[in-house]
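Count residues from 1 along the sequence. All figures in this text were calculated on a predicted structure; none of them were measured in a lab. Side chains are part of it too, since the values below use all heavy atoms of this structure and drop only hydrogens, waters and symmetry mates.
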Amino acid sequence: MQKRPQLILPAIALGILFLAIAIVYWVDSASSLPSFFPGHESGSSHHHVKHGIAAAVVALGCFVFAWFQSGGPTASRERPGT
């Protein structure tokens with residue numbers, strides 16, 4: 001995989017954004033969600049736990065992507081002395 005260090009900061013920013021979205025889904029009921037969030041329902045007391053889990057998984061994916069992009073160059077797979 002080719003390293004692209006210019007994508008590290010956007011991946012971290014998106015990870016933080018999706019983590020914040022996950023927290024909003026876990027904390028607020030469906031009626032308290034912003035109207036542009038999927039799952040907003042006026043007068044509902046339901047919490048969208050699955051939406052929050054999905055947003056947290058996407059955040060984790062963004063953080064892992066940034067971590068892999070920030071690593072050093074990959075070592076050669078060739079054995080020494082062969």
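Here the CH2-CD1 distance, from W26 to I53, works out to 7.0 Å after rounding to the nearest 0.5 Å. The structure places OG of S70 at 10.5 Å from CG of L9, a figure rounded to the nearest 0.5 Å. Atom CH2 of W67 is separated from atom CG of L60 by 10.0 Å, given to the nearest 0.5 angstrom. Considering CZ of F65 and CG of L14, their distance stands at 10.5 Å, rounded to 0.5 Å. How far CZ of F68 is from CZ of F63: 14.5 Å, rounded to the nearest 0.5 Å.
Counting heavy atoms from C-beta on, the side chains of I21 and F37 come closer than 4.5 Å.
Taken together through direct or relayed side-chain contacts under 4.5 Å among Ile, Leu, Val, Met, Phe, Trp and Tyr, V58 and F36 form part of one hydrophobic cluster. There is no path of hydrophobic side-chain contacts, each under 4.5 Å, that joins L17 to I12. No single ILVMFWY cluster, assembled from side-chain heavy atoms under 4.5 Å apart, contains both V24 and V49.
When atom types are taken as modelled, the side chain of Q69 and the backbone of R4 share a donor-acceptor pair closer than 3.5 angstrom.
Heavy atoms only, all atoms of each residue included: A59 and L19 are closest at CB-N, 3.7 Å. Between A11 and A66, the shortest heavy-atom distance links the atoms CB-CB, 3.9 Å.
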